[in-house]
Amino acid sequence: MSTTKNNALIISEHDYQTLVPLIEKHKTSAAEALENELGRAEIIDDADFPENVVAMDSSVTFKDLDSGDESTVSLVYPTGANIEEMKISILSPVGTALIGLRVGGKIDWPLPGGRIRHLQVMAVTQTKKAMHAV
């Protein structure tokens, strides 16, 4: 995975503390990818966390820069994932790609089969944090 412009990853302390046990519980390539993303992120106190950064339980609009398609999804824990409601798991490739990016941030994300998705965050709406079972 590679990042381009405006891409220093930022993770809230709360999200970091809930995602680490999730990674330990799910010994998969998806969890490993998330662990790699967390490893390069700056951990920020919840009170100082910027509103324009993708976090758990936030709604994010992103654009596929190749197709021009825009999608709006909510980033959730695996137990809350529901594609019909546009709730995607943090352990999905797109969920892991988006976490921690600011509005305007871009990422090149490899897909199975050697393809690459070029994504850009267009908007983020934070929701009230709730306790989740991980």
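For this chain, numbers begin at 1 and follow the sequence in order.
Judged by distance alone, the side chain of Ser59 and the main-chain N or O of Ser74 form no donor-acceptor pair under 3.5 Å. Counting only distance, with no hydrogens or angles, the side chain of Asp46 and the backbone of Glu13 share a donor-acceptor pair below 3.5 Å.
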Show the numbers, then the answer: is there a side chain to side chain contact (heavy atoms under 4.5 Å, CB included) between His26 and Leu34?
-> CA-CA 11 Å; His26 296 268; Leu34 179 57; over 6 Å; no
Practice problem: Go through the steps to decide whether Leu38 and Ile23 satisfy the test side chain to side chain contact (heavy atoms under 4.5 Å, CB included), and finish with yes or no. | Solution: CA-CA 10 Å; Leu38 292 182; Ile23 291 167; 3.5 Å; yes
- Go through Val76 and Asn82 one step at a time and tell me if the side chain to side chain contact (heavy atoms under 4.5 Å, CB included) criterion holds. CA-CA 9 Å; Val76 299; Asn82 183 327; over 6 Å; no
Report task. Apply side chain to side chain contact (heavy atoms under 4.5 Å, CB included) to the pair Leu75 and Asp57, showing each step before the final yes or no. Result -> CA-CA 5 Å; Leu75 188 58; Asp57 300 311; over 6 Å; no
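We find that Arg117 and Asp66 are not joined by a salt bridge, their nearest charged nitrogen and carboxylate oxygen being 4.0 Å or further apart.
Hydrophobic clustering (side-chain heavy atoms under 4.5 Å, transitive across Ile, Leu, Val, Met, Phe, Trp, Tyr) keeps Ile90 apart from Ile44. Met86 and Ile99 fall within the same hydrophobic cluster, where Ile, Leu, Val, Met, Phe, Trp and Tyr residues are linked whenever their side-chain heavy atoms come under 4.5 Å apart, directly or through other members. At a threshold of 4.5 Å between side-chain heavy atoms, the hydrophobic network of Ile, Leu, Val, Met, Phe, Trp and Tyr places Val94 and Val103 in one connected group.
When the options Thr61, Leu101, Ile107 are evaluated for a side chain to side chain contact (heavy atoms under 4.5 Å, CB included) with Val121, the one that passes is Leu101. Val54 pairs with exactly one of Val124, Asp15, Leu9 by the side chain to side chain contact (heavy atoms under 4.5 Å, CB included) rule, that one being Val124.
Closest heavy-atom contact between Ala30 and Thr96: O-OG1, 4.3 Å. For Lys63 against Gly68, the heavy-atom pair with the smallest separation is CE-O, 3.8 Å.
Surrounding CZ of Phe49 are more than 12 heavy atoms belonging to other residues, nucleotides or ligands, all under 6.0 Å away.
Taking the side chain as every heavy atom from C-beta outward, Val53 and Ser12 never approach each other to under 4.5 Å. Residues Leu22 and Leu91 meet the side-chain proximity criterion, which asks for heavy atoms closer than 4.5 Å.
The distance from atom NE2 of His118 to atom OG of Ser67, rounded to the nearest 0.5 Å, is 11.0 Å. We find the NE2-CD1 distance between His14 and Ile43 to be 13.0 Å, quoted to the nearest 0.5 Å. Here CD of Glu70 is found 9.0 Å from CD of Gln120. Values are rounded to the nearest 0.5 Å. A distance of 10.0 Å separates CG of Leu98 from CD of Glu37, quoted to the nearest 0.5 Å. In this structure, CG in Leu65 is found 13.0 Å from CD1 in Ile116, a value given to the nearest 0.5 Å. Once rounded to the nearest 0.5 Å, the distance linking OG1 of Thr28 with CD of Glu35 reads 10.5 Å.
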